[in-house]
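Below you'll find the structure, written out as structure tokens, and then a few comments.
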There are 2 protein chains.
Amino acid sequence: MEKQHDRIRIKDIAQLAGVSVGTVDRVLHSRSGVSPASRRKVEEILQQLNYQPNMYASALASNKKYNFACLLPSHSKEDYWDDVESGMFQAVSAFSDFHISLNTFYYDQYEFGSFVETGNRLLESGADGVVLAPTIEEETSRFVGKLRQSDTPYIFIDSNIPRLSPLAFYGQHARKSGYFAARILHLLAQGSREIVLFRQIYEGRLGSNQQLHREEGFYEYMKKHCPDMKMRELNLYVKQPGQDEMLLDEFFRAHPHINCGITFNSKAYLVGEYMLKHGRKDFHLMGYDLLRRNIACLKAGTIDFIIAQQPTVQGYNSIECLCNHLILKKKVKSCNYMPINLIAEDNIDFYFDAHVCEQSTTILS
Amino acid sequence: MEKQHDRIRIKDIAQLAGVSVGTVDRVLHSRSGVSPASRRKVEEILQQLNYQPNMYASALASNKKYNFACLLPSHSKEDYWDDVESGMFQAVSAFSDFHISLNTFYYDQYEFGSFVETGNRLLESGADGVVLAPTIEEETSRFVGKLRQSDTPYIFIDSNIPRLSPLAFYGQHARKSGYFAARILHLLAQGSREIVLFRQIYEGRLGSNQQLHREEGFYEYMKKHCPDMKMRELNLYVKQPGQDEMLLDEFFRAHPHINCGITFNSKAYLVGEYMLKHGRKDFHLMGYDLLRRNIACLKAGTIDFIIAQQPTVQGYNSIECLCNHLILKKKVKSCNYMPINLIAEDNIDFYFDAHVCEQSTTILS
DNA sequence: CGTACCTTTGTGTGCGTACACAGAAAGGAT
DNA sequence: ATCCTTTCTGTGTACGCACACAAAGGTACG
């Protein structure tokens with residue numbers, strides 16, 4: 001615990017370059033008012049010494065306030081998006097020393113107009129950085145175009161649209177995740193040659209792109225490893241629970257031997273609760289996302305495995321990334337795939353404590 | 001990006017309490033020299049306002065140097081402990097603004113005297129915080145006794161000895177992890193009624209406690225879910241590769257129908273490479289830890305699944321925890337189980353980017 | 001040669017906290 | 001009342017950086 005100052009300070013650089021700290025500061029922030037000679041000399045020494053600014057002192061000195069905003073599908077409590085949001089607010093509180101705040105904007109996922117209208121409200125709020133779920137490619141493209149005009153960085157969460165080159169993306173590699181899910185379901189099938197895919201249709205549309213890509217990965221595995229597997233699809237409609245139950249009844253009456261299924265959205269509990277109600281313990285089910293009702297099924301034994309994609313972490317990391325970029329001027333990683341985690345009843349308890357954060361690679365801006 | 005100071009500062013509290021910042025500072029650090037009346041008044045306001053110190057300003061002001069030390073089994077490159085160590089150094093660099101340093105001390109895992117001797121050298125080095133792997137309970141007890149005398153916080157990594165009440169523990173719940181492994185291996189067995197457990201004997205002893213606990217969890221699952229499963233154990237000896245190959249030859253000659261096995265240490269590659277050499281693709285193998293050779297087997301298809309325990313994260317979090325405790329005076333969580341992650345070839349790419357860090361719960365010291 | 005003006009450079013102050021030190025108040029002994 | 005402790009409290013400086021402002025140097029032109 002001895003006192004010491006071994007780190008290079010601006011003062012040290014100034015001394016070595018034979019200029020004042022002010023000049024060094026101007027070079028570091030590439031501001032005007034420095035003679036070419038001085039600039040060159042300072043830059044030279046800067047390179048030699050690999051100067052790392054003390055980010056605490058830096059944040060302390062420039063005590064600005066940063067307003068972030070997020071644009072998410074409107075959601076209820078215990079939804080996937082609720083976890084994402086909670087992660088973001090965790091980060092806001094963790095980095096509260098940087099004077100950041102977060103405004104939330106919600107749009108109706110199934111109405112294009114809503115996205116546009118909400119997006120405009122966000123733009124008016126004057127955010128310094130934005131996190132959004134690019135569920136609607138066309139409208140997202142127009143939206144980020146406006147953000148670009150004001151040089152506002154934006155981060156994509158959950159799914160990615162690389163051509164719109166966001167500052168960063170946090171989400172799962174959906175296709176590979178479906179591939180992995182297939183591997184596990186294949187094991188669960190235990191030689192059975194038939195599998196059912198439960199799909200959720202909402203307002204006539206099949207949920208998200210993520211869901212589609214998971215299916216792709218799933219089919220890719222099956223085609224490669226067991227081409228003779230028969231895959232049936234059953235569409236459910238969420239909004240009419242009575243109808244869904246009828247559809248399930250009907251399906252299992254028609255295919256009584258099928259003992260294995262998967263959902264590629266977060267609504268596995270629809271099937272899990274159905275099995276629980278009908279006392280079917282022999283059916284093997286997989287799904288996505290650790291919603292409360294999914295967890296209940298997992299513990300009750302009607303869902304075997306859940307693939308988690310750490311929504312909280314995605315939210316947390318998005319905000320952290322904005323801080324790193326805007327405040328600490330660190331270089332951030334642009335494509336961040338979340339781990340594909342397989343959760344059973346046995347290991348679920350050790351999943352929630354943890355949250356992932358990106359490796360910190362400090363680079364001068 | 002407007003200027004603003006909405007956070008409560010020491011100055012604010014001083015003003016409200018009608019004292020000076022010096023007095024508030026004394027109360028905050030529970031130092032002497034404050035009249036009972038002043039102390040009471042300050043504490044009252046402190047509670048009302050839920051004051052959160054600006055840790056950046058705090059770290060900046062008290063620019064002390066902290067020396068940490070770790071006491072690990074000696075290891076080679078690409079070993080499990082090497083990843084732990086690398087995580088620790090990542091943290092040291094991430095928190096370099098706090099002026100921390102880390103000294104490493106290695107002991108021979110299989111020689112009690114070595115632990116004692118290395119431990120004494122560590123004590124002499126005058127560390128402010130220690131991270132150690134408590135592989136030898138008896139000697140660890142004596143060692144932490146001495147640390148306690150100087151009030152030096154210590155963190156257990158990999159395995160835990162709760163009665164020695166470390167500041168924190170980072171590691172996997174070994175029994176549950178074995179239980180989970182059994183569930184997956186059970187699926188892999190696909191109805192086969194015989195399984196082999198490969199064990200590594202080293203200097204006449206069976207590796208670590210962790211290894212034993214995993215076996216316990218494994219047997220617990222099997223007893224519960226498939227009591228008629230026949231479990232064979234095959235001891236290997238690591239140091240004599242020729243002999244191990246002979247033992248494997250012998251075993252598979254005696255049990256040609258066994259197609260499923262697991263190791264509870266990080267040496268699954270011994271078996272995986274054997275299978276590769278003999279061109280056996282039908283054997284299903286599981287193991288622990290993502291060593292380079294294990295990963296190679298995973299990609300070659302002779303290891304089906306690996307259970308990862310994020311050694312890098314364990315190391316990183318240990319150091320982070322010491323910083324939180326010593327420097328930021330945050331309250332730290334004492335028992336931190338790592339997630340139990342199942343890794344296949346499909347999802348391994350998304351595992352390394354990520355590292356877990358604990359949730360930050362700022363509490364006044 | 002002086003003034004105006006621009007470019008370049010240096011200095012000073014503040015961010016919120018820690019800590020050393022000085023000063024004030026209170027009490028006791030002479 | 002004076003002096004000396006012993007509490008107790010306020011002030012000042014430092015931490016490393018950002019930014020505003022002042023000062024210095026140079027050039028152009030009357």
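By convention in this document, chain letters (A, B, ...) are assigned in the order of the sequence lines, proteins followed by strands, and residues within each chain are numbered from 1.
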A/Leu28 side chain reached by A/Tyr51 side chain, heavy atoms, under 4.5 Å: yes
Answer whether the closest heavy-atom distance between the side chains of B/Pro166 and B/Ile155 falls below 4.5 Å. no
Without decimals, in angstroms, what is the distance between [X] [atom1] and [N] [atom2]?
X: A/Phe98; N: D/dA18; atom1: CZ; atom2: P; result: 13 Å
X: B/Ile8; N: C/dT17; atom1: CD1; atom2: P; result: 10 Å
X: A/Asp97; N: C/dT17; atom1: CG; atom2: C1'; result: 12 Å
X: A/Arg7; N: D/dC17; atom1: CZ; atom2: C1'; result: 12 Å
X: A/Ile10; N: D/dC15; atom1: CD1; atom2: C1'; result: 13 Å
X: A/Asp25; N: D/dA18; atom1: CG; atom2: P; result: 6 Å
X: A/Ile13; N: D/dA18; atom1: CD1; atom2: P; result: 11 Å
X: B/His29; N: C/dA20; atom1: NE2; atom2: C1'; result: 14 Å

Taking any heavy-atom pair under 4.0 Å as a contact, classify B/Val19: base, sugar-phosphate, or nothing. sugar-phosphate
Sugar-phosphate only, base, or nothing, as touched by A/Ser38 at under 4.0 Å among non-hydrogen atoms: sugar-phosphate
Which comes earlier along DNA chain D counting from the 5' end, the contact point of A/Leu60 or that of A/Gly22, where each point is its nearest nucleotide? A/Leu60
Between A/Asn67 and A/Ser101, does any side-chain donor sit less than 3.5 Å from a side-chain acceptor? yes
For [N], does either OP1 or OP2 sit under 4.0 Å from a side-chain N or O belonging to [X]?
X: B/Tyr51; N: C/dT17; answer: yes
X: B/Ser20; N: D/dG10; answer: yes
X: B/Thr23; N: D/dG10; answer: yes
X: A/Ser35; N: C/dT9; answer: yes

Measure from the side-chain heavy atoms of [X] and tell me the nearest of [options].
X: B/Asn54; options: C/dT17, D/dC17, D/dT11; result: C/dT17
X: A/Arg26; options: C/dT17, D/dG16, D/dC21; result: D/dC21
X: A/Arg31; options: D/dA18, C/dA18, D/dC19; result: D/dC19
X: B/Ser58; options: C/dT9, D/dC19, C/dT17; result: C/dT17
X: A/Arg9; options: D/dG16, C/dA18, D/dC8; result: D/dG16
X: B/Lys64; options: D/dC8, C/dC19, C/dA18; result: C/dC19

If we ignore hydrogens and angles and just use 3.5 Å, is the side chain of B/Arg7 paired with the main-chain N or O of B/Gln52 as donor and acceptor? yes
Would you please indicate if the ring centroids of A/Phe115 and A/Tyr107 are separated by under 6.0 Å? yes
Could you check whether the rings of A/Tyr56 and B/Phe98 sit parallel, tilted or perpendicular, using 30° and 60° as the cut-offs? parallel
